[in-house]
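As structure tokens, the structure follows; a few thoughts come after it.
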Protein chains: 2
Amino acid sequence: MSKKQQLLKAAEDKVRTGGYNNFSFRELADEIGIKSSSVHYHFPTKADLGAELARQYTDNFLANLGSPEDLVVQGKKPIEVYLQQFQCALTEDQKMCLCGLLGAETDGLPDKVKLQTQRFFEQNIQWLTQAYALDERNTEQQATNRAVAALSLLEGAMLVSKAMNDNSIFITASAGLLEAR
Amino acid sequence: MSKKQQLLKAAEDKVRTGGYNNFSFRELADEIGIKSSSVHYHFPTKADLGAELARQYTDNFLANLGSPEDLVVQGKKPIEVYLQQFQCALTEDQKMCLCGLLGAETDGLPDKVKLQTQRFFEQNIQWLTQAYALDERNTEQQATNRAVAALSLLEGAMLVSKAMNDNSIFITASAGLLEAR
DNA sequence: GCTTAATTATCTATCAGTAGATACACAGGT
DNA sequence: ACCTGTGTATCTACTGATAGATAATTAAGC
């Protein structure tokens, strides 16, 4: 893994733990064994690093999901897969969703970071809307509404689970998603 | 309003905008016209200020709600009132829930702040559980589950609304709460 | 194949600014 | 005299950022 990717990985851990202001170039540099000035070579400013972080996180998140249509072809239920991906982010990493945290503190972020964070939510709502639209009982409007509600519920369930330090809360809170069509 | 309360108010704005690391004693002091050393008089450490902030926020939040039973007596639906209180926090202040943000970054917080943040969620789940238990069709377990889900949905709806900079998302996401019993 | 030139990635050293925190003095009210 | 609240002055540590030097790698020209 390149130093650049190592930097992003280290930064992701810090941000998902305590937000955008919870990492410094020096910390990252120390962690991967270079000097803080070298971090500026890869990312001119902290905002550049933050924006790239959110961008990659979004792309990876969606790439790991696959398209809703493909999942159905594979005999899987898109919403279940989606829920599972959120749950893994919480239980395996023991951390909040990167963009969930950034989204919460959006008004305190540099513009380019804010923009990439917004993109995460746009793309996820789009994905979920497609997923819900596969059920023909849903109108287009209903699909969008359900998408927004599902995303909100999952981000919130993560947040509350973290706050209470109890991952079973995520299960309880998100159970409703599986019952509803 | 005492300087101490002014400090807490200024800190609340900062934290609700960008998290716990988004304010400094100097900023707060400048804003209310005293010196940073004087802030240390009121709050020995930053953690003390943060903990007191979360404590007061929780107490005010619950006090403004009143008890679920009383609301019913007044002919109001507790869940509707509860939702309304969240919505006001978002639309009037144009800011995220204080403890929602702190909860998301809980692992990066001093212990005493973490503890007070946790208390917010405990008390809110308790309140919602009581509210749902007033409908006798709900078992005790169902009431708790619904409480956790409702809290998660509302915190998440706030978060997504902030991230997308669109308060109508909150309405869309939380609409389901009013239909369900 | 060798030399030169450019690019990449790192270093050392340093900057001005800010962080939280402390010691101590001082005023005003009780 | 004491307590409350504030101020001055200062400390150490850390922040993001920059300048300039130095290896290490790659590409181009002959």
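Lettering of chains follows the sequences in order, A, B, ..., and the numbering in each one begins at 1. Predicted, not measured: the structure shown is a model, and the values here were computed from it.
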Inset, instruction - Identify whether NZ of Lys or CZ of Arg in B:Lys46 sits under 6.0 Å from the centre of the six-membered ring of B:Phe23 and within 45° of that ring's axis. - result: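 Here B:Lys46 passes the 6.0 Å and 45° test against B:Phe23.
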Please give, in whole Å, the distance from [N] [atom2] to [X] [atom1]?
{"X": "B:Phe23", "N": "C:dT18", "atom1": "CZ", "atom2": "P", "answer": "17 Å"}
{"X": "B:Tyr41", "N": "C:dA23", "atom1": "OH", "atom2": "P", "answer": "17 Å"}
{"X": "B:Asn21", "N": "C:dT18", "atom1": "CG", "atom2": "P", "answer": "17 Å"}
{"X": "A:Gln5", "N": "C:dA9", "atom1": "CD", "atom2": "P", "answer": "13 Å"}
{"X": "A:Phe25", "N": "D:dC14", "atom1": "CZ", "atom2": "P", "answer": "17 Å"}
{"X": "A:Asn22", "N": "D:dC14", "atom1": "CG", "atom2": "P", "answer": "15 Å"}
{"X": "A:Ile32", "N": "C:dT10", "atom1": "CD1", "atom2": "C1'", "answer": "11 Å"}
{"X": "B:Lys4", "N": "D:dT6", "atom1": "NZ", "atom2": "P", "answer": "11 Å"}

Inset, instruction - Evaluate the ring planes of A:Phe61 and A:Phe86, with Trp represented by its six-membered ring, and classify them as parallel (under 30°), tilted (30 to 60°) or perpendicular (over 60°). - result: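 Geometry flag for A:Phe86 against A:Phe61: perpendicular rings.
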Legend entry - Presence of A:His42 side-chain N/O under 4.0 Å of C:dT10 phosphate oxygens OP1/OP2: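 For C:dT10, OP1 or OP2 has a side-chain N or O of A:His42 closer than 4.0 Å.
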Inset, instruction - Tell me whether the OP1 or OP2 atom of C:dT18 has a side-chain N or O from B:Ser24 closer than 4.0 Å. - result: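 No, B:Ser24 has no side-chain N/O under 4.0 Å of OP1/OP2 on C:dT18.
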Legend entry - Shortest non-hydrogen contact between B:Pro44 and B:Asp48, atoms and distance: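 The answer is CB-OD2, 3.4 Å.
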Inset, instruction - Mind listing the closest non-hydrogen atom pair of B:Ala163 and A:Phe121 along with its distance? - result: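 Between these two residues, the closest heavy atoms are CB-CE1, 3.4 Å.
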Thinking salt bridges, do [X] and [Y] make one under a 4.0 Å N-O criterion?
{"X": "B:Glu122", "Y": "B:Arg119", "result": "no"}
{"X": "A:Lys9", "Y": "A:Asp13", "result": "yes"}
{"X": "B:Arg55", "Y": "B:Asp59", "result": "yes"}

Inset, instruction - Could you list by number each residue of residues 43-52 of chain B showing a heavy-atom separation from DNA chain D of less than 4.0 Å, or answer none if no residue does? - result: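 The answer is none.
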Inset, instruction - Identify, residue by residue, the members of residues 108-117 of chain B with a heavy atom below 4.0 Å from DNA chain D, and return them in order of residue number, or none. - result: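 Heavy-atom cutoff 4.0 Å gives no residues at all.
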Every protein N/O within reach of nucleotides 7-13 of chain D N/O, cut-off under 3.5 Å:
residue: D:dG7; atom: OP2; partner: B:Lys35; partner atom: N; Å: 2.8
residue: D:dT8; atom: O4; partner: B:Ser37; partner atom: OG; Å: 2.8

Collect all protein-nucleotide pairs involving nucleotides 24-28 of chain C in which both atoms are nitrogen or oxygen and the distance is under 3.5 Å.
none

Inset, instruction - Group every Ile, Leu, Val, Met, Phe, Trp and Tyr by side-chain heavy-atom contacts under 4.5 Å, then state whether A:Leu178 and A:Met158 land in the same group. - result: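 Result: yes, single cluster for both.
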Legend entry - Nucleotide-resolved protein contact map, nucleotides 20-26 of chain D, B/S/- at heavy-atom distance under 4.0 Å: -------
Scan the side chains in residues 1-8 of chain A for donor-acceptor partners under 3.5 Å anywhere in the protein, sequence neighbours excluded, and list what turns up.
residue: A:Ser2; atom: OG; partner: A:Gln5; partner atom: N; Å: 3.2
residue: A:Lys3; atom: NZ; partner: A:Ile32; partner atom: O; Å: 3.3
residue: A:Gln5; atom: NE2; partner: A:Gln56; partner atom: OE1; Å: 3.4
residue: A:Gln6; atom: NE2; partner: A:Met1; partner atom: O; Å: 3.0

